[in-house]
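Here is the structure we will look at.
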Protein chains: 2
Amino acid sequence: MELSERQLQILQAIIYDYVENAEPVGSRSIAKRYDFGVSPATIRNEMSDLEEMGYLTHPHTSAGRVPSDKAYRLYVDDLMKKKSLSNKDKRFISDRLAANCTAFDETIKHAAKLLSEITQLTSFAMTPSSNQDIISFIKLLPADENTVILMIVGESGRIMNTTLRFEVSYSQEVLDILSKNMTVNYKGRTLDEVLESGIIADASSDIEALNSLLGKLRPTFIKTLEDMLDVNLYMEGMTNIFDIPEYSSIDRAKAFLEIFTKKEEFTRKILERADGVVVTIGDENDSMKDCSLITATYHVDGNLIGKIGVIGPTRMKYDEVTSIMEYLTNNLSETFKLTDGKDK
Amino acid sequence: MELSERQLQILQAIIYDYVENAEPVGSRSIAKRYDFGVSPATIRNEMSDLEEMGYLTHPHTSAGRVPSDKAYRLYVDDLMKKKSLSNKDKRFISDRLAANCTAFDETIKHAAKLLSEITQLTSFAMTPSSNQDIISFIKLLPADENTVILMIVGESGRIMNTTLRFEVSYSQEVLDILSKNMTVNYKGRTLDEVLESGIIADASSDIEALNSLLGKLRPTFIKTLEDMLDVNLYMEGMTNIFDIPEYSSIDRAKAFLEIFTKKEEFTRKILERADGVVVTIGDENDSMKDCSLITATYHVDGNLIGKIGVIGPTRMKYDEVTSIMEYLTNNLSETFKLTDGKDK
DNA sequence: AGTTAGCACTCTATCTAAAAGAGTGCTAAC
DNA sequence: GTTAGCACTCTTTTAGATAGAGTGCTAACT
């Protein structure tokens with residue numbers, strides 16, 4: 001069944017009102033606050049229909065209506081107008097973002113903080129996943145008699161290293177040969193390729209004399225590659241949720257915060273999401289029902305893709321938040337295009 | 001005024017009772033539960049005296065007594081007996097600690113998790129402060145035409161690197177000379193020494209031809225050293241506080257959690273604390289009054305010192321928690337003595 | 001057929017008063 | 001020094017009454 005124009009308008013009005021006031025909306029307040037030229041009774045009838053269609057719910061008989069997840073979905077997909085930020089807001093974001101631009105991770109973290117401040121929600125930011133990063137070179141450095149450092153450098157500038165200790169010592173020359181050999185073998189491939197294809201296992205191409213060292217090195221090499229794939233997750237504004245009526249009970253607050261204690265799981269879920277601005281509402285999130293999650297992607301060097309997002313109650317200013325995030329991620333991508341992504 | 005033996009016993013009984021039940025303790029329940037051979041009225045008199053001396057407080061006229069910070073301090077210093085862990089508990093800790101021992105940071109994090117699980121409090125762990133780590137060598141590596149990697153390696157095995165981009169390219173030879181030069185200059189000094197004395201500024205000893213590169217390098221060098229000093233802080237069991245009656249109001253919970261949003265400040269405070277098991281109670285903590293904070297130190301290679309701790313309400317099982325932490329940190333130090341601290 | 005006024009009905013939230021409970025503090029006796 | 005007894009205080013619980021918000025239905029109106 002199609003929704004009539006008036007029903008859409010009423011639904012939108014209810015969403016506005018509920019998002020603003022966090023309280024079930026009655027027919028009377030809609031009739032009064034928004035000028036539909038009809039009486040509360042008419043609105044009541046429409047609301048009843050909307051409820052039947054699943055767009056509204058009823059906490060109890062004598063309460064007003066609350067938009068359902070389905071209503072928010074409709075709103076986000078069809079009703080919502082892109083909100084254009086005021087120049088003041090834009091300048092605020094640009095300035096704050098530019099202010100702190102020394103290290104890459106710092107900038108990302110800063111962006112998350114900014115986002116949580118503006119939206120008054122809990123936000124997070126992730127450093128790019130490096131699985132498409134390309135190996136630039138591999139180097140083995142002797143640290144002392146028994147210690148060798150394995151270092152992998154990606155084209156993005158990302159570096160990862162691990163210290164290894166051996167009983168025997170290896171000469172600079174041996175290590176150099178092996179470094180060059182490994183570099184030749186793996187240079188130009190993405191981390192994913194190297195890890196997932198069995199290339200590492202195939203050592204036959206390596207010089208025989210180095211086989212023993214290479215054997216010892218292999219697990220460390222894999223571990224270092226995996227470390228390199230790790231993304232960093234920064235959370236900001238966690239305590240903001242205490243100011244949101246939805247989470248004013250201890251149980252709800254606890255449930256909300258527990259999401260973030262499982263960082264790995266959370267990270268995995270975020271990485272699975274599509275690029276661009278993505279909104280998932282309530283039940284659409286397998287866990288964290290009664291939350292909405294909005295993520296957006298930024299680019300580094302036009303290649304690597306990092307994510308930034310906010311989490312809050314389904315009752316959320318979707319238009320504002322998505323607009324802010326779009327502007328913010330564009331800005332971030334721009335920043336990382338010009339200055340080139342430095343890494344720790 | 002000295003406390004009589006009986007007053008000490010009564011105080012201890014009140015502390016036990018309050019720690020267990022989280023409710024103001026009345027004279028009657030003390031008389032009944034602990035066999036002092038005197039009537040509630042007598043206990044009442046003693047309690048009144050204890051209150052006058054500042055060991056007890058009164059939420060309101062007709063409520064029982066609650067131990068003050070002063071009482072807990074007395075308890076921790078004089079009354080508390082060291083609780084010896086059961087073999088079962090010991091085995092549990094040892095096993096869990098040994099189970100996950102691949103990477104250094106992982107082990108630390110794991111220890112914090114374990115601590116929060118056992119105590120049901122919020123815990124944290126910090127990687128060692130490297131300020132006494134000694135520079136082993138410094139290396140400049142060419143990554144591509146415009147990119148140089150600065151790498152500082154400490155004797156502990158800790159490595160830190162930063163990528164630099166230049167307009168001009170430097171040959172392997174130039175970088176090698178500078179690497180050797182820098183290594184000679186700084187090798188054997190602690191990070192603190194190098195950063196705080198003005199050694200870095202004194203470039204006169206460096207070969208003239210390299211001065212321009214060195215000039216560009218200097219800020220990066222300092223930044224990398226500082227990064228190396230950074231300690232990692234891991235928090236575990238944050239949501240445990242929701243199960244503690246003291247924090248069952250949203251405001252209290254919020255205040256508690258806000259402590260951890262200021263990681264830098266918190267880290268600084270923890271680093272200032274003395275070595276060994278240190279207990280600070282309520283007002284003794286400048287911020288976070290009405291919390292108690294217990295920290296303990298573990299050693300890596302017998303040198304570097306990391307910290308692990310718990311935070312909870314002043315109403316806490318000090319004897320148990322301190323014993324667990326002592327055992328845990330000894331165990332950690334032992335682990336890091338044998339396997340040698342690897343670092344990412 | 002759509003719209004509207006009117007009104008009974010439902011459910012929640014708020015307020016009040018009363019009662020119960022816990023524990024003290026004091027007094028007088030042991 | 002100890003204790004029983006008891007009045008007093010303050011909090012917590014309970015219950016009932018009331019007010020308020022909003023619906024859902026009916027019947028009348030356009």
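Protein chains get the first letters and strands the later ones, always in sequence-line order, with residue 1 at the start of each.
Remark: A:Arg28 is not in phosphate contact with D:dT23, judged by side-chain N or O atoms under 4.0 Å from OP1 or OP2.
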Check your understanding: Based on Watson-Crick and G-U pairs with both distances under 3.5 Å, what dot-bracket line describes DNA chain C 5' to 3', crossing pairs as [ ] and inter-strand pairs as |?
Key -> ||||||||||||||||||||||||||||||
Between the protein and nucleotides 28-30 of chain D, list the N/O to N/O atom pairs that are separated by less than 3.5 angstrom.
none

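The main-chain N or O of B:Ile43 is never found under 3.5 Å from a side-chain atom of B:Ser27 such that the two would form a donor-acceptor pair.
Sorted by first and then second residue, the side chain to side chain donor-acceptor pair (under 3.5 Å) pairs with a member in residues 58-68 of chain B read B:Glu51-B:Arg65; sequence neighbours excluded.
Annotation: side chain of B:Ile10 is not in contact with side chain of B:Tyr34 (no heavy-atom distance under 4.5 Å). By the 4.5 Å heavy-atom criterion applied to side chains, B:Val279 and B:Ile294 are counted as neighbours. In this structure, the side chains of A:Phe242 and A:Leu257 come closer than 4.5 Å at one or more pairs of heavy atoms.
Crowding of B:Glu258 atom CD: a count of heavy atoms from other residues, nucleotides or ligands under 6.0 Å exceeding 12.
A salt bridge is absent between B:Asp69 and B:Lys289; no separation between the charged side-chain nitrogens and carboxylate oxygens falls under 4.0 Å. Under a 4.0 Å N-O distance rule, the pair B:Lys113/B:Glu117 does not qualify as a salt bridge.
If you take CD of B:Glu46 and C1' of D:dG1, they are 10 Å apart, rounded to a whole angstrom. Atom-to-atom, CZ of A:Arg65 to C1' of C:dT10 comes out at 14 Å; the value is rounded to the nearest Å. When rounded to the nearest whole Å, the span between CD1 of A:Ile30 and C1' of D:dA21 equals 15 Å. As a whole-Å value, the separation of B:Leu56 CG from C:dG23 P is 14 Å. Put simply, NZ on A:Lys32 is 17 Å from P on C:dT4, counting in whole angstrom units. Regarding A:Met47, its CE atom lies at a distance of 9 Å from the P atom of D:dG22, rounded to whole Å. One can place CD1 of B:Ile10 at 12 Å from C1' of D:dT2, the figure rounded to the nearest angstrom. A straight line from CZ of B:Phe36 to C1' of D:dG1 spans 17 Å, rounded to a whole angstrom.
For A:Phe260, the ring pair (Phe, Tyr, Trp, His ring centres under 6.0 Å) partners two or more places apart in sequence, or in a different chain, are A:Phe256, A:Phe266.
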Point to revise | Per-nucleotide protein contact string for nucleotides 4-10 of chain D (B base, S sugar-phosphate only, - none; heavy atom under 4.0 Å) | key: BB---BB
Practice item. Carefully, step by step, assess B:Glu272 and B:Arg268 under the rule salt bridge (charged side-chain N to carboxylate O under 4.0 Å, His left out). Key: CA-CA 6 Å; B:Glu272 281 168 5; B:Arg268 191 157 13 86; 5.4 Å; no
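Between B:Tyr318 and B:Tyr72, the ring planes are tilted. Angles from 30° to 60° get that label.
Annotation: proximity of residues 15-24 of chain A to DNA chain C (heavy atom, distance under 4.0 Å) is found for no residue.
Atom CE of B:Met235 sits about 5.0 Å away from atom CD1 of B:Ile311, to the nearest 0.5 Å. The CD atom of A:Gln9 sits 11.5 Å away from the CD1 atom of A:Ile30 when rounded to the nearest 0.5 Å.
With hydrogens and angles left out, the side-chain atoms of B:Arg273 and B:Thr280 include a donor and acceptor closer than 3.5 Å.
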